[in-house]
Chemist: 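Let me begin by handing over the structure; questions about it come next.
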Amino acid sequence: MQYPVQNDLHARLRLDKWLWAARFFKTRSLATDAVNKGRATLNGAAVKPARDVRVGDQVRIELDGLAWEIEVLGICEVRGPASIAQTLYRPTKRDRREIGRLNPKISGRSSPED
């Protein structure tokens, strides 16, 4: 099956559908609930689930006590495999640092126990 990822600046998609396609939420209704509760924001503002996401937008998502700040790199209207979903966004520098703190093997630093 083809998973068409659009990278042009004119591509747009509903925020809840993008969060679902990017695999941040298992179902679209969970993504809608998160946006309605303010756990997902777009460009620093609380928005409704139907708000359009475009390439270059900044999305902040709070999941399980972690806050992800990501940049939208692509739009895909269907939910595909994780390898395709990962091409839709890029973590910010802050998120990469947090990931490195959680898993020292990823960051290349040795853990304090070594």
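Counting from 1, the numbers follow the sequence of the chain as shown. A quick note: this is a predicted structure, and the numbers were derived from the prediction, not measured.
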Chemist: Hey, any chance Leu30 and Trp20 share a hydrophobic cluster, counting ILVMFWY side chains that come within less than 4.5 Å of each other, even indirectly?
Modeler: no
Chemist: Give, for atom CD of Glu71 and atom CZ of Arg90, the distance between the pair rounded to the nearest 0.5 Å.
Modeler: 4.0 Å
Chemist: Which heavy atom of Asn7 sits nearest to which heavy atom of Gly74, and what is that distance?
Modeler: OD1-CA, 3.5 Å
Chemist: How far does OH of Tyr3 sit from CG of Leu88, to the nearest 0.5 angstrom?
Modeler: 12.5 Å
Chemist: Just so I know, are the side chains of Tyr89 and Val72 near enough to count as touching, which here means a heavy-atom distance under 4.5 Å?
Modeler: no
Chemist: Between Ala50 and Arg14, which heavy-atom pair has the shortest distance, and what is it?
Modeler: CB-NH1, 3.5 Å
Chemist: Can you check whether Gln6 reaches Cys76 side chain to side chain, under 4.5 Å on heavy atoms?
Modeler: no
Chemist: Report yes if the side chains of Arg60 and Glu62 come closer than 4.5 Å at any heavy-atom pair, otherwise no.
Modeler: yes
Chemist: Identify the heavy atoms of Lys48 and Val35 that sit nearest to each other, and give their distance.
Modeler: C-CG1, 3.7 Å
Chemist: So, taking the atom named CD1 in Ile75 and the one named CG in Leu13, what distance separates them when rounded to the nearest 0.5 Å?
Modeler: 5.5 Å
Chemist: Which pairs with one or both residues in residues 21-40 pass salt bridge (charged side-chain N to carboxylate O under 4.0 Å, His left out), sequence neighbours excluded?
Modeler: Asp16-Arg28
Chemist: Please test Val55 against Asp8 for side-chain contact (heavy atoms from CB on, under 4.5 Å), starting from the C-alpha separation and ending with a verdict.
Modeler: CA-CA 7 Å; Val55 173; Asp8 62 352; 5.7 Å; no
Chemist: For Val59, does its backbone N or O pair with a side-chain atom of Trp68 as donor and acceptor, under 3.5 Å?
Modeler: no
Chemist: Are Phe24 and Leu73 grouped together when hydrophobic residues (ILVMFWY) are joined by side-chain heavy atoms under 4.5 angstrom apart?
Modeler: no
Chemist: Going through the checks in order, is the side-chain contact (heavy atoms from CB on, under 4.5 Å) test met by Thr32 and Phe25?
Modeler: CA-CA 9 Å; Thr32 301; Phe25 296 95; over 6 Å; no
Chemist: Kindly indicate, with the supporting measurements, whether the criterion side-chain contact (heavy atoms from CB on, under 4.5 Å) is fulfilled by Glu77 and Lys17.
Modeler: CA-CA 7 Å; Glu77 294 196 20; Lys17 194 168 184 180; 4.2 Å; yes
Chemist: Drop me the distance from Thr41's OG1 to Arg51's CZ, to the nearest 0.5 angstrom.
Modeler: 11.5 Å
Chemist: Quick check: do Val5 and Ile84 have side-chain heavy atoms less than 4.5 Å from each other?
Modeler: yes
Chemist: For residues Leu15 and Val47, determine if any side-chain heavy atom of one lies less than 4.5 Å from a side-chain heavy atom of the other.
Modeler: yes
